[in-house]
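Comments concern the structure below.
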Amino acid sequence: PLLLVLGGSQGAAMLNDFVLENLEKLAKKYQILHQTGIDNFTEVSAFATELTKSWTAEQKKWYHPIPFLQADMKQALLAADIVISRAGAGAIFEIANAQLPAILVPITDSANNHQRENAFQYEEAGACIVIEEENLFGDIVINAIDAILENQERKSAMAKAAATFANPEAANVIAKEILKTIS
């Protein structure tokens, strides 16, 4: 299964650290596509290269750091089985539109605590598991990933909840309402 880790264009140091600290455990079970953030890519890649230097060529194929998924985001989401991400509104709706189960790690000190509120609202809809930054430990996250991916019913239920949350027709509904008010 493909684990997609998203930290945004700037990356998320905490998610990068988590991946690197748990790379060996994660790569035993999952392929990892890791969006490091543009400014963090060189450092993360160098550290990962050092960590994996004793790995076989086959093992090294399981970890793919990338600076930023822009044009390739759609393909990455289509290929992914699960996403670990921050909880910005844009990230959540991209994940929801892709109908993927997710583990969200909201920024503790985001403006007006919006990431935390976003994450828990998405979790309440049934589409994700929220893991707070202070609980971002290997066993906790890996157990959460396993609990989703090893239970097809749960994975499907989360995907359906994500699809419902996404509401892809929202833009059309809003545009129609605006047009009604100006005609």
Side-chain angles (χ1 to χ4, degrees), residues 1-23 26 30 32-41 44 64-70 72-149 151 154-168 170-171 174:
L2 178 62
L3 171 63
L4 177 60
V5 181
L6 301 174
S9 63
Q10 295 180 7
M14 188 164 279
L15 290 180
N16 290 343
D17 291 346
F18 165 79
V19 170
L20 293 171
E21 288 167 10
N22 295 282
L23 188 56
L26 290 167
Y30 308 107
I32 305 138
L33 181 56
H34 178 194
Q35 181 179 271
T36 65
I38 296 166
D39 293 341
N40 303 321
F41 179 72
V44 169
H64 312 278
I66 187 165
F68 182 60
L69 290 161
Q70 196 163 8
D72 297 333
M73 178 63 83
K74 183 177 180 179
Q75 290 79 10
L77 288 165
L78 287 171
D81 292 285
I82 190 167
V83 179
I84 297 177
S85 178
R86 286 303 199 177
I92 289 174
F93 280 100
E94 285 186 358
I95 296 164
N97 277 320
Q99 301 177 20
L100 288 169
I103 295 172
L104 297 181
V105 183
I107 297 173
T108 301
D109 59 352
S110 62
N112 296 322
N113 216 15
H114 75 278
Q115 285 214 3
R116 206 165 175 275
E117 290 182 26
N118 294 345
F120 283 109
Q121 187 173 27
Y122 198 52
E123 183 178 55
E124 189 175 307
C128 78
I129 293 174
V130 175
I131 297 180
E132 303 264 7
E133 288 182 340
E134 63 268 13
N135 295 318
L136 193 63
F137 298 108
D139 290 340
I140 292 172
V141 177
I142 292 169
N143 288 337
I145 295 167
D146 291 346
I148 295 167
L149 295 182
N151 181 333
R154 184 173 189 185
K155 183 180 174 189
S156 294
M158 290 176 82
K160 286 178 186 169
T164 301
F165 193 87
N167 194 3
I174 292 168

Surrounding CD of Gln70 (heavy atoms of other residues, nucleotides or ligands, distance under 6.0 Å), is the total greater than 12? no

For Asn97, enumerate each residue passing the side chain to side chain contact (heavy atoms under 4.5 Å, CB included) test, keeping only those at least two apart in sequence or located in another chain. Ala166, Pro168

Hey, can you pull the donor-acceptor pairs under 3.5 Å for the side chains in residues 135-143, sequence neighbours left out?
unit_1	atom_1	unit_2	atom_2	d
Asp139	OD1	Lys25	NZ	3.3
Asn143	ND2	Asp139	O	3.0

Closest non-hydrogen contact found for Asn118 with Ala89 is ND2-N, 3.5 Å

Of the non-hydrogen atoms in Cys128 and Ala119, which two are nearest, and what is the gap between them? SG-O, 3.8 Å

Report yes if some heavy atom in the side chain of [X] is under 4.5 Å from a heavy atom in the side chain of [Y]; otherwise report no.
X: Ile84; Y: Ile145; value: yes
X: Asn16; Y: His34; value: yes
X: Leu6; Y: Met73; value: yes
X: Ile95; Y: Phe165; value: no
X: Phe18; Y: Val5; value: no

For Asp81, give me all partners under salt bridge (charged side-chain N to carboxylate O under 4.0 Å, His left out), at least two apart in sequence or on another chain. Lys155

Which residue is it: Asn22, Leu2, Leu23? I am looking for the one with a side chain to side chain contact (heavy atoms under 4.5 Å, CB included) to Ile32. Leu23

Just jot down the side-chain hydrogen bond (donor to acceptor under 3.5 Å, both in side chains) partners of Asn113, sequence neighbours excluded, or say none. none

Give me each pair satisfying salt bridge (Lys or Arg N to Asp or Glu O under 4.0 Å) with a member in residues 111-125, each pair once, sequence neighbours excluded. Arg116-Glu132

Donor-acceptor pairs under 3.5 angstrom involving side-chain atoms of residues 98-110: please list them, not counting sequence neighbours.
unit_1	atom_1	unit_2	atom_2	d
Thr108	OG1	Glu133	OE1	2.6
Ser110	OG	His114	N	3.3
Ser110	OG	Gln115	N	3.1

